[in-house]
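Heads up: the structure comes next, in structure tokens.
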Amino acid sequence: MGPSDEAGLELMQQLRTSGQLQNAWINQLWQKERALPHPAAAPLLVDLAKHGESRLSELARRRMVDDSVISRQIAELTAAGLVDRRPAPEDGRAALLSVSEQGYVELERMRQANAEFIRSALSNWDEDEVTVLTARLASMNDALRNLLDTHDATLCERPMPSHRSPSEACRV
């Protein structure tokens, strides 16, 4: 059956707020440290470290953004010495990207700062509460990812009840 409309929309609102708070933290950290060329580069560097050497198009697909967005960020990360690039052996026109030694140093610094931030914010939570929430969010993210992967139509393309206009349906 799934959640009611109200419960689902409230969940989306809380997730949006969590994302905004995470972005605010990343911006604060970036303004204080300035080790990255731009705060949006942090998740890209993390993704590259997690998945290993990748093509730009693979990064864009995983990050769900256009190649041009990733290209600009990779150029900044490369100029900052945080990403290495080498020609792809099977196609010299393409580049394989990887986190540089300096990039791994920066990732560890970010990891420590993020761990301290969460530890401070959730100091009155016990380990089990954090673990349960993390597992539930991971499960929800898997369900959302699977739904996005299997549906071509967006929410705004679906027929709306007669009492709601399409513009109201797309406003979330």
Side-chain angles (χ1 to χ4, degrees), residues 11-123 125 127 129-151 154 172:
L11 174 61
M12 292 301 285
Q13 180 58 48
Q14 291 303 320
L15 291 170
R16 190 175 301 116
T17 300
S18 291
Q20 290 166 341
L21 291 167
Q22 182 181 16
N23 287 339
W25 162 245
I26 289 169
N27 282 326
Q28 276 185 6
L29 187 62
W30 179 74
Q31 288 178 3
K32 187 170 76 174
E33 304 285 334
R34 297 280 179 161
L36 292 176
H38 189 276
L44 181 59
L45 195 59
V46 169
D47 181 281
L48 193 54
K50 178 180 178 180
H51 294 283
E53 193 172 61
S54 302
R55 289 175 179 261
L56 189 133
S57 59
E58 293 168 354
L59 284 169
R61 182 182 44 76
R62 283 195 307 264
R63 303 297 305 152
M64 293 185 252
V65 296
D66 189 72
D67 287 5
S68 63
V69 172
I70 296 297
S71 180
R72 281 190 302 275
Q73 291 177 342
I74 287 296
E76 292 173 345
L77 287 168
T78 303
L82 302 173
V83 168
D84 292 329
R85 75 171 53 225
R86 69 178 183 92
E90 69 282 354
D91 179 3
R93 296 171 296 163
L96 294 176
L97 308 165
S98 60
V99 177
S100 70
E101 193 172 313
Q102 183 182 347
Y104 280 111
V105 169
E106 178 57 23
L107 280 171
E108 179 56 26
R109 189 195 64 74
M110 288 187 316
R111 190 187 80 69
Q112 291 294 327
N114 287 333
E116 178 56 34
F117 178 70
I118 290 296
R119 191 174 25 259
S120 295
L122 304 181
S123 62
W125 290 42
E127 187 79 12
E129 289 175 304
V130 174
T131 301
V132 167
L133 176 60
T134 301
R136 296 305 294 160
L137 285 171
S139 178
M140 182 198 69
N141 286 338
D142 287 344
L144 292 171
R145 192 174 291 108
N146 288 337
L147 186 62
L148 285 171
D149 288 346
T150 58
H151 285 88
T154 66
V172 225

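One-based numbering along the sequence shown.
- The minimum heavy-atom distance between Ile70 and Arg63, with the atom names listed, is CD1-CG, 4.0 Å.
- Between Leu107 and Ala49, the closest heavy-atom pair is CD1-CB, 3.4 Å.
- Residues that satisfy the side-chain contact (heavy atoms from CB on, under 4.5 Å) test with Asp142, not counting sequence neighbours, are Arg145.
- Judged by distance alone, with hydrogens and angles left aside, the side-chain atoms of Ser71 form no donor-acceptor pair with the main-chain N or O of Asp67 at under 3.5 Å.
- Ile74 CD1 to Leu45 CG: the interatomic distance, rounded to the nearest 0.5 Å, is 8.0 Å.
- Across Ala41 and Leu77, no two heavy atoms sit closer than the pair CB-CD2, 3.7 Å.
- Within the structure, the salt bridge (charged side-chain N to carboxylate O under 4.0 Å, His left out) test picks out the following pairs touching residues 85-105 (sequence neighbours left out): Glu53-Arg86, Arg55-Glu90, Asp91-Arg93.
- In this structure, CD on Glu116 lies 12.0 Å from CG on Leu29, to the nearest 0.5 angstrom.
- By the 4.5 Å heavy-atom criterion applied to side chains, Leu44 and Leu48 are not counted as neighbours.
- Here ring-ring contact (aromatic ring centres under 6.0 Å, His included) pairs that include residues 89-121, with residues two or more places apart or in two chains, are Trp25-Phe117.
- Between Met140 and Leu144, the closest side-chain pair of non-hydrogen atoms falls below 4.5 Å.
- Here the straight-line distance linking atom CD of Gln22 with atom CG of Asn27 works out to 11.0 Å at 0.5 Å rounding.
- Environment of CD in Glu127: sparse, with no more than 12 heavy atoms of neighbouring residues, nucleotides or ligands closer than 6.0 Å.
- A salt bridge does not link Arg61 with Glu58: every distance from a Lys NZ or Arg NE/NH1/NH2 to an Asp or Glu carboxylate oxygen is 4.0 Å or more.
- Not counting sequence neighbours, the partners of Asp47 by the salt bridge (charged side-chain N to carboxylate O under 4.0 Å, His left out) test are Arg62.
- With hydrogens and angles disregarded, a donor-acceptor distance shorter than 3.5 Å links the side chain of Ser100 to the backbone of Gly81.
- Residues Leu133 and Leu137 meet the side-chain proximity criterion, which asks for heavy atoms closer than 4.5 Å.
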Kindly determine whether Arg16 and Gln13 satisfy side-chain hydrogen bond (donor to acceptor under 3.5 Å, both in side chains), including the steps that lead there. CA-CA 5 Å; Arg16 190 175 301 116; Gln13 180 58 48; 2.9 Å; yes
Please assess Gln14 against Ser18 for the test side-chain hydrogen bond (donor to acceptor under 3.5 Å, both in side chains), listing each intermediate value before the final yes or no. CA-CA 6 Å; Gln14 291 303 320; Ser18 291; 5.9 Å; no
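- Qualifying side-chain hydrogen bond (donor to acceptor under 3.5 Å, both in side chains) partners for Glu76, counting only residues two or more places apart in sequence or in other chains: none.
- Residues passing the ring pair (Phe, Tyr, Trp, His ring centres under 6.0 Å) test with Trp125: none are found, sequence neighbours excluded.
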